[in-house]
Each structure stands twice: as C-alpha cells, then as structure tokens.
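Scroll down for the structure; my scribbles are underneath it.
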Amino acid sequence: MTKLLALAATLTALAAPAVAAAPHPVVVELFQSQGCSSCPPADANLARIAGQPGVIALSFAVTYWDNAAWKDTFARPAYTSRQWDYAHALHHAQVYTPQVVVDGRVDGDGIAPAAFAGLVATGAATPAGPAVDLAADHVTVAAGAAPVAGADVWLVRYDPHTVQVPIRGGENGGRTLPHVDIVKELVRLGAWTGAAAHYRLPPPTAPGLVTAILVQTVKGGPILAAARS
C-alpha cells in the first residue's frame, strides 16, 4: 500500500513516476484521438510513464473522431474494435476518449494526474500469470491456469519515440501535439489454453518499433501476463 500511495503522490506532483513492482509489467492502454480536445492531458500522463521498467504504455488511436475537418494520422479500425471489446467487458454502453485501461481490469479517463496514478497503481495488485519468454522471432508462453473463456496471445508493436503532430483541423486545429508509444501493429498470434505454447513472430513492418506480448482473456478480458522487448 505504501508503494501505491507513493506512486499516486509522485504522479500528482507531475514528476516522472516509479511504477510499483508487479507480477508482470503493468499494461497501460490509452485510447485517444488527435481530434479530441480532452485527450492531450491523458497523452501527457502516459508520456510520463513511457519506457519505465515494469510498465508497457500503449497509445491506441481510434477512428470515430475522424471527419472532414481532421483524420487521425495513426488511427486504425482494429484499435477501435479493441476499445469496443473493453466497453462490453467493462459494461459500458459506449466508447469514449480519452480512456485509460490498466491490465484489462479497470478504466477511467486518465485526465487528472492523481486519477491516472490511481489507475496505474492497480496494476501492482494484478495476480501473477504464466511466464512469457520473448525472443527476436518467437515467443513462448509457459504452462499455467487458463481462464474458462480462453485467452489470446497478442503481438503489439509501438513507436517509443515522441512524435510531434501538427493538427490542421477539428477541435485541436492549429496545435502541434506530442504523441508517444503510438501502436503501429496489433496482431493476434493465437490462443493459449493453459499448456506451454510457442508462437512465431512476423517481421516488424518498420524499424525501431518495440515489441510487446499480451496474454489476455478473450474479448477484452483481464490481461494475464505481458512482456516487452
């Protein structure tokens, strides 16, 4: 509990936080859009934990803000579909931005630093899942207890650099907004049923991307284990 309170206090002070120790890396997913004027504060909070040991920070650009005024330069329908899976699993009637989902278990808008810190801190209480061994061209998920509903093994590749994006229309028109850990690839590698399993990784579509693996209960359920390169 002391570690979690320390994390919240650190984020509230807008300093670079130290993520509390957890059984596997804490997976922090931000669903956002360049067309959403409420998203930049959540983007900034994500940037403060990006690259830290013990955390996988992922920024998914969704498509439903796209219009004639501005189309998000990173958005893909697959990311919007992933957010809808979370909406159904977390019993929301709609999707919204910004939305921060931690370990597939809890969510919020992540706008206020203290609220964002509270969400991230929940990852320290996530139960341990199967071990994940990530190599350059394959990944191995060890044997373990699988959920009754089943689990998927996801490959996520993201750009760890900060990208400055000039926005020329929409709610953020005229601003240049920084984005970090933008997801570039989301690929389902296969199912995990509890037995040890090996999965081949496709080559990256661009140089310099970080590879992350998520073992996740199907249809936006809890993340059981994770690893990154």
Side-chain angles (χ1 to χ4, degrees), residues 1-33 36 38-62 79 82-83 85-87 89-92 95-129 132 134 154 156-162 177-183 186 210-217 220-229:
M1 181 62 68
T2 300
K3 287 184 178 180
L4 303 189
L5 292 174
L7 171 61
T10 305
L11 258 179
T12 303
L14 299 182
V19 177
H24 65 72
V26 178
V27 181
V28 182
E29 301 176 63
L30 169 63
F31 294 90
Q32 53 78 30
S33 173
C36 164
S38 300
C39 288
D43 286 325
N45 288 331
L46 191 78
R48 293 186 184 99
I49 64 169
Q52 282 197 17
V55 64
I56 298 173
L58 303 171
S59 181
F60 288 93
V62 297
Y79 308 158
R82 181 171 179 83
Q83 191 185 22
D85 282 344
Y86 279 134
L90 296 169
H91 307 292
H92 298 321
V95 291
Y96 65 95
T97 57
Q99 181 188 25
V100 174
V101 182
V102 176
D103 284 343
R105 298 171 186 269
V106 297
D107 76 308
D109 60 37
I111 293 174
F116 183 86
L119 289 172
V120 175
T122 64
T126 299
V132 179
L134 177 57
W154 290 96
V156 185
R157 288 194 173 111
Y158 61 94
D159 183 353
H161 303 95
T162 299
L177 299 176
H179 291 73
V180 67
D181 287 359
I182 288 290
V183 174
L186 177 64
V210 176
T211 295
I213 299 295
L214 311 179
V215 183
Q216 183 169 19
T217 308
I223 292 175
L224 309 174
R228 72 171 182 185
S229 59

Could you check whether the rings of Phe31 and Tyr86 sit parallel, tilted or perpendicular, using 30° and 60° as the cut-offs?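 Phe31 vs Tyr86 ring planes: perpendicular.
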Could you point out which residue of Val101, Asn45, Val100, Asp109 forms a side chain to side chain contact (heavy atoms under 4.5 Å, CB included) with Leu119?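 Considering Val101, Asn45, Val100, Asp109, a side chain to side chain contact (heavy atoms under 4.5 Å, CB included) with Leu119 is found only for Val100.
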Nearest non-hydrogen partners of [X] and [Y], listed with the distance:
X: Val132; Y: Ala226; result: CG2-N, 4.4 Å
X: Cys39; Y: Ser33; result: SG-N, 3.7 Å
X: Gln83; Y: Tyr96; result: NE2-O, 2.7 Å
X: Val55; Y: Val28; result: CG2-CG2, 3.9 Å
X: Ala57; Y: Tyr158; result: O-CE1, 4.2 Å
X: Val180; Y: Leu46; result: O-CD2, 4.2 Å

If you round to the nearest 0.5 Å, how far is CG of Leu177 from OG1 of Thr162?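 One gets 12.5 Å once the value is rounded to the nearest 0.5 Å.
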Rounded distance [0.5 Å steps], NE2 in His179 versus CD in Gln32: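 If we round to the nearest 0.5 Å, His179:NE2 and Gln32:CD are 4.5 Å apart.
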Pairwise side-chain contact, [X] with [Y], heavy-atom cut-off 4.5 Å (strictly under):
X: Pro98; Y: Ile111; answer: yes
X: Pro178; Y: Asp43; answer: no
X: Asp181; Y: Leu58; answer: no
X: Phe60; Y: Arg82; answer: yes
X: Asp103; Y: Val26; answer: yes

Output yes when a side-chain donor or acceptor of [X] lies under 3.5 Å from a complementary backbone atom of [Y], and no otherwise.
X: Arg105; Y: Gly123; result: no
X: Ser229; Y: Thr211; result: yes
X: Asp107; Y: Leu90; result: no

Determine, step by step, whether Glu29 and Ile223 satisfy the side chain to side chain contact (heavy atoms under 4.5 Å, CB included) criterion, reporting the C-alpha distance in whole Å, the side-chain angles of both residues, the deciding distance to 0.1 Å, and the verdict. CA-CA 11 Å; Glu29 301 176 63; Ile223 292 175; 3.7 Å; yes
What's the verdict on side chain to side chain contact (heavy atoms under 4.5 Å, CB included) for Val62 and Val95, showing C-alpha distance, side-chain angles and the deciding distance? CA-CA 10 Å; Val62 297; Val95 291; over 6 Å; no
Kindly determine whether Thr97 and Ser38 satisfy side chain to side chain contact (heavy atoms under 4.5 Å, CB included), including the steps that lead there. CA-CA 7 Å; Thr97 57; Ser38 300; over 6 Å; no
Give the C-alpha distance, both sets of side-chain angles, the deciding distance and a yes or no for side chain to side chain contact (heavy atoms under 4.5 Å, CB included) between Arg228 and Val27. CA-CA 10 Å; Arg228 72 171 182 185; Val27 181; over 6 Å; no
